[in-house]
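To start, the structure itself, in structure tokens.
Below, read A as the first sequence line, B as the second, and so on, with proteins coming before strands; counting in each chain starts at 1.
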Number of protein chains: 2
Amino acid sequence: MALEHAILVSLLEKPGSGYELARRFERSIGYFWTATHQQIYRVLRRMEADGLLDVHEVAQRGRPDKKEYSVAPPGRAALAAWLHEPVQPESIRHELAVKIRGAAFGDPSALIAEVERHREAHDDRLRRYLAGEARDFGAPDVPRSLDVGQELQHVVLRGGIAFERMTIAWLDDVLDTLHRLRVPPSVGRP
Amino acid sequence: MALEHAILVSLLEKPGSGYELARRFERSIGYFWTATHQQIYRVLRRMEADGLLDVHEVAQRGRPDKKEYSVAPPGRAALAAWLHEPVQPESIRHELAVKIRGAAFGDPSALIAEVERHREAHDDRLRRYLAGEARDFGAPDVPRSLDVGQELQHVVLRGGIAFERMTIAWLDDVLDTLHRLRVPPSVGRP
DNA sequence: TTAGTCATGTAATCGGTTACATGATTTT
DNA sequence: AAAATCATGTAACCGATTACATGACTAA
């Protein structure tokens, strides 16, 4: 049930509409949790009904009205309580890994293009993260003084960066392996 | 819909019962996909009804009968077709990261124990993966010659190992940050 | 004029988790 | 005697995805 808590964190960092939250889930929050706008709207309504959030409609010129959500005291309490509960260490779900292992029952070299596509996507994401890091937290050689919230945001972003770097290195390993498997392994035999 | 495909891959590697599949999902397949026995049984019945799998009951001495599933020709075809479809690069979902970012609105040092617990869990998993690697694929200095299926299994396992190593390093970074935040940053100011 | 952004929603379906349930056998 | 393993399932619920829908404004 971490979506609710991710929303609480995001709204505490800055109040906003469902639409704005959906956009944040595409970027900053996106490197540790994802959600579509449909789901966000549904959860927002439920959380408001439960008294965790306050809403007020904001009229805008030239744009549709929006409902700006902010965290109500019970929402803050719910987040504080959750921070003291243990969550269980998660496992990954990696569909591409299923495919790689499945390739043994098809043509492994047919996967090369697919793996390269994934590599590109992760490389793009890494670039975006690094750009965001430089923008929000300063370049490594030009450190800024940050408050607690920023320090924590930064360490989470470093996690996203580490994940992308690791994934890219692994996909290179996968590509290497797929290429090696195309030529029968004859070297080294007597 | 990768669970079906993960099951097809696993059953192609070796036929087995729902119970056995559930066990495999706790270990080898577990480092890229997870599933509980309830879900596995449900999906197995559906796949059998769809003609993707064959079943035959196996009587056992001293143990309950089991239904051994194996991949039927249409199942093999379904897997082959899926291998040619692109899957989209996934994002991670990391509940702990939500917590870390949420800690800014509570007591960050209260998270230290929780993060240490996660670090332990990932360290355990890493050890199991490394033990499995040595057992199934030989130590790095004593390489074995492997067939295509084994090579692909190995590269996926290397991915799991890389993921755990990266996660442990990141959690150390997180612990470092949480410790630093306990003492007010006074060094370096005039 | 077409595409893109801002903004919110409904409906259907599927995938996954949690809790509950049974029962024999084997190991400590 | 108790706990663990082998083996299979039902029911309820929740979380998440996909498809569909609307409508105004803005920029290429």
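Between B/R27 atom CZ and D/dT5 atom C1' there is a gap of 13 Å when expressed in whole angstrom units. One interatomic measurement links the two molecules: OH of B/Y69 to C1' of D/dA7, which rounds to 12 Å at whole-angstrom precision. One can place CD of A/E57 at 13 Å from P of C/dA7, the figure rounded to the nearest angstrom.
Electrostatic pairing of A/E4 and A/R46 counts as a salt bridge here, judged by a charged N lying under 4.0 Å from a carboxylate O. For the pair A/K99 and A/E114, the salt-bridge criterion is met [side-chain N within less than 4.0 Å of a carboxylate O].
For the contact set between residues 30-39 of chain B and DNA chain D, defined by any heavy atom under 4.0 Å, the members are B/H37, B/Q38. Residues of residues 12-26 of chain A that place a heavy atom closer than 4.0 Å to DNA chain C, in numerical order, are A/S17, A/G18, A/Y19, A/R23. Residues from residues 77-94 of chain A placing a heavy atom under 4.0 Å of any atom in DNA chain D do not occur. Proximity of residues 40-54 of chain B to DNA chain D (heavy atom under 4.0 angstrom from any strand atom) is restricted to B/Y41, B/R45.
For residues 145-169 of chain B, the pairs satisfying ring pair (Phe, Tyr, Trp, His ring centres under 6.0 Å) are B/F137-B/H154, with sequence neighbours left out. Applying the side-chain hydrogen bond (donor to acceptor under 3.5 Å, both in side chains) rule to pairs touching residues 85-95 of chain B yields A/T34-B/R93, sequence neighbours excluded. For residues 53-92 of chain B, the set of pairs meeting the ring pair (Phe, Tyr, Trp, His ring centres under 6.0 Å) definition, not counting sequence neighbours, comprises B/H5-B/W82.
With sequence neighbours excluded, the residues that form a ring pair (Phe, Tyr, Trp, His ring centres under 6.0 Å) with A/Y31 are A/Y129. By the side-chain contact (heavy atoms from CB on, under 4.5 Å) test, B/P64 pairs with no residue at all, sequence neighbours left out. Qualifying salt bridge (Lys or Arg N to Asp or Glu O under 4.0 Å) partners for A/D172, counting only residues two or more places apart in sequence or in other chains: A/R119.
Distance from the side chain of B/Q60 is smallest to D/dA7 among D/dT8, C/dA7, D/dA7.
In the helix from C/dT1-D/dA28 to C/dT28-D/dA1, the terminal helix axes, each the rotation mapping four pairs' C1' atoms onto the next four within five end pairs, subtend 50°, rounded to 10°.
Proximity of B/R165 to B/H122: side-chain heavy atoms (C-beta onward) are nowhere separated by under 4.5 Å. Between B/L8 and B/L53 there is a side-chain heavy-atom pair separated by less than 4.5 Å.
Put simply, the side chain of A/S10 never gets that close to the backbone of A/A6: no donor and acceptor are under 3.5 Å apart. At distances below 3.5 Å, at least one donor-acceptor pair connects side-chain atoms of A/E20 with backbone N or O atoms of A/S17. In terms of modelled atom types and a separation under 3.5 Å, the side chain of A/R117 and the main chain of B/V87 share a donor-acceptor contact.
Membership of the apolar cluster around A/Y41 extends to A/Y19, as traced through chained side-chain contacts below 4.5 Å between ILVMFWY residues.
Between the side chains of A/S109 and A/R182, no donor N or O sits under 3.5 Å from an acceptor N or O.
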